[in-house]
Enquirer: 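Let me begin by handing over the structure; questions about it come next.
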Amino acid sequence: MTVLPRFLSGLFFVFSLLLLSACGGSNKTEDATAVTVGASTASLDIGFPERFTTISATVRDADGELLRNATVQFSTSLGSFSATEVVTQTTAETGRGGSNDAGNGVAAVRLYPGQSAGTATVTVYVNGVQTTTTVTIAGTAVEPERPVPASISIAASERAIYVAGVGQMESSTITVRLLTSTGGAAQDAPAGINNVRVSFVTQPNGGELLLGTQASGQLVQNTKTLDVATSNGVATLTLNSGQLPGVVELTAEALDNTGASYSPAIQTTASILSIASGPAHSIVFSYPIEAGIQNMGNGTYRREGGLLVTDRYGNPVADGTVINLGAIDSVLLSNRAPQINYGFGSSIIDGNASTAANSTVFTDQSNSLFQSAVITRNNTNRFIEAQDRVLIFNAQAEDKSRFVAALPNQANSVTVNKNYLNTETKLEYLIGASLLGMQVAGVDPAKEGLVSGQAVTQDGAASFYLTYPANQDTILTSCISSGIDTRHSPQGSAQVFVVAEASGSSATTIDDRACFSYISPAVITSGITNISGDTILSLEIKDQGLVRLPFLNFEAGINYDQGNTGNLQVSVGNCLATGSLRTDLYGQCELQITTTGGTSGDLATVTLGVTDGTPLAITVTVP
């Protein structure tokens, strides 16, 4: 009873092995070791896009047996594995020999001719094994003729460009499309025929140009209208700006196969772009009223300033316009107020300074001090030297700023670094340098920190900073009358000017409103706030950086209590050192206050104040 089941079990095992052997023994891609390829026909014609050749790949295993269920990859260098779209790579599985597959161990795909003639190299690949076959594709593709245009569109790559010569984008690509009624590309013109006309409708008339390629292949340009040819329904032109800003409006028109206008005309007009921002023509300085000065904490202050830079039409200049900056805080020679006495017994002021076109000589026939003009800085005599700045206030912009080229060798003239462009007389000028420590730097939005001697515009504006020593020897330099400030010799030589130049030929501005300002509010202090009779009151005025403020004017007011029965009279005199209500060289004041009359208990209040400062109240009491 136990022998028969064991016998049948062994019989079934042998039968299974026989079945596997009869089926080839393998059916996995990983078992493929050889592949052959062939084509049902050796050639195709692109004139018959529906016809195909069958590419068959036969795969075998290591025993040479046909391999079923293996995935084969097909690729072709030409033609397509689809009749309706371009397919150059595909896969297929080897069959089992049934009626619905390519055959036992065979994978097959269809190759269609496509639209290009040549030799198609078909590669088959399976499990690291590949082989190729070739199919010749002959004939010429027939491209259906596109219909004539029904409409036309026009577009610009840049809607805002700049006038030529300012270092910014000066051109825009103009794209014109001829469109069919369904929105597709319309037909091109026959060879040699221009089928698009582009014309200016509105323009600044500053020399704007249209450039494009005609049907002949020649690149042409015109300031009014231009005929060009399309390629696949598209014409591309370039619009270059001129020297003037303004709106550019273009008309694009489609032309027929003879280069003539359609009837009715097929055209469109569009305000396509704007030309903006001519060269810098005007520079205006401005300074914030509040919070414009920073205490750097090392004995220096930094004052903020702003620049507005425009072209001659009021447009902000292009972003990135560089403004060169310079500063003067010491004047060596001038013929303008404040008058500076150089030790010759009289002030030098006249109207005889002149320049000559194409000459580097600056002359003042009434002034013989170019060689001998001297000021004292750092306890040393300082004469006019090479690279000192020569500023002419009432000259044309291109002549306002120059530099001394060499030590003056004539008593009434000096040679500068480059020619003057104009012949001018009755000029108002000064020669100076930065000798008191003032520095000027600006902001470049593309860089971190300040940039020495220049600022860069953004939206037509730029920021700059003046850094200067903040102590009682320099504070308020050029902020107060030169007839009062006695700290620098000769008196009146300490003047502050800032120079901004955007172009050596069009935009230079000299500003005299900058000075060594203090940080407000100023504070008046005294050791006492109550007095009972005649008093010399010791005062001191400091700013928020605790710097004493010399030569600063203040005011005094007196208020009497309503119970002033004894007719108390209080009088505020002057500071003893200055003879006025003004601090001395050290920012101090010995102020005389006198009282008359009054009976015991009478009260008055003396209020001392400085503009934008904190007042000091002194109570006067009759004991």
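In what follows, every heavy atom counts, from backbone to side chain, and hydrogens, waters and symmetry copies are set aside.
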Enquirer: So, Tyr429 versus Asn367: side-chain donor-acceptor pair below 3.5 Å or not?
Expert: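 Asn367 and Tyr429 do have a side-chain donor-acceptor pair below 3.5 Å.
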Enquirer: Could you please spell out the steps behind the side-chain contact (heavy atoms from CB on, under 4.5 Å) verdict for Ser334 and Ile431?
Expert: CA-CA 6 Å; Ser334 73; Ile431 302 174; over 6 Å; no
Enquirer: Is the charged tip of Arg582 near the ring of Phe554: under 6.0 Å from the six-membered ring centre and within 45° of its axis?
Expert: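 Relative to the ring axis of Phe554, which defines the angle, Arg582 lies outside at least one limit.
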Enquirer: Would you indicate whether the side-chain heavy atoms of Phe362 and Thr415 approach each other to under 4.5 Å?
Expert: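 No, too far: nothing below the 4.5 Å cut-off.
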Enquirer: Tell me whether Asp329 is salt-bridged to Arg377, with the criterion being a basic N under 4.0 Å from an acidic carboxylate O.
Expert: no
Enquirer: More than 12 heavy atoms of other residues, nucleotides or ligands under 6.0 Å from CZ of Arg513: is that the case?
Expert: yes
Enquirer: Please say which of Asp543, Asn295, Thr467 ends up in a side chain to side chain donor-acceptor pair (under 3.5 Å) with Tyr301.
Expert: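 Exactly one pass, corresponding to Asp543.
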Enquirer: I need the full list of disulfide bond (SG atoms under 2.5 Å apart) pairs touching residues 415-502, with sequence neighbours left out, sorted by first then second residue.
Expert: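 Qualifying pairs: Cys479-Cys515.
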Enquirer: Please state whether the rings of Tyr468 and Phe516 are parallel, tilted or perpendicular, taking 30° and 60° as the class boundaries.
Expert: parallel
Enquirer: Got more than 12 heavy atoms from elsewhere within 6.0 Å of CD1, Ile528?
Expert: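 Yes, CD1 of Ile528 has more than 12 neighbouring heavy atoms, counting only those of other groups under 6.0 Å.
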Enquirer: Which is it for Phe383 and Phe370 under the ring-ring contact (aromatic ring centres under 6.0 Å, His included) test, yes or no, and what are the steps along the way?
Expert: CA-CA 9 Å; Phe383 296 85; Phe370 284 86; over 10 Å; no
Enquirer: Determine, step by step, whether Leu308 and Ile283 satisfy the side-chain contact (heavy atoms from CB on, under 4.5 Å) criterion, reporting the C-alpha distance in whole Å, the side-chain angles of both residues, the deciding distance to 0.1 Å, and the verdict.
Expert: CA-CA 6 Å; Leu308 290 176; Ile283 304 175; over 6 Å; no
Enquirer: Tell me whether the NZ or CZ atom of Arg303 lies within the 45° cone about the ring axis of Tyr287 and under 6.0 Å from its centre.
Expert: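 Ring-cation test returns yes.
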Enquirer: Ring of Tyr420, cation from Arg402 - is the NZ or CZ under 6.0 Å from the centre and inside 45° of the axis?
Expert: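 Yes, a cation-pi geometry.
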Enquirer: Decide, yes or no, whether a salt bridge links Glu398 with Lys400 under the criterion of side-chain N to carboxylate O below 4.0 Å.
Expert: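 Between Lys400 and Glu398 there is no salt bridge, as every charged N stays at least 4.0 Å from the carboxylate O atoms.
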Enquirer: If we check side-chain contact (heavy atoms from CB on, under 4.5 Å) with Val572, which of these qualifies: Leu537, Val606, Ile618?
Expert: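 Going through Leu537, Val606, Ile618 one by one, the side-chain contact (heavy atoms from CB on, under 4.5 Å) with Val572 is satisfied by Val606 alone.
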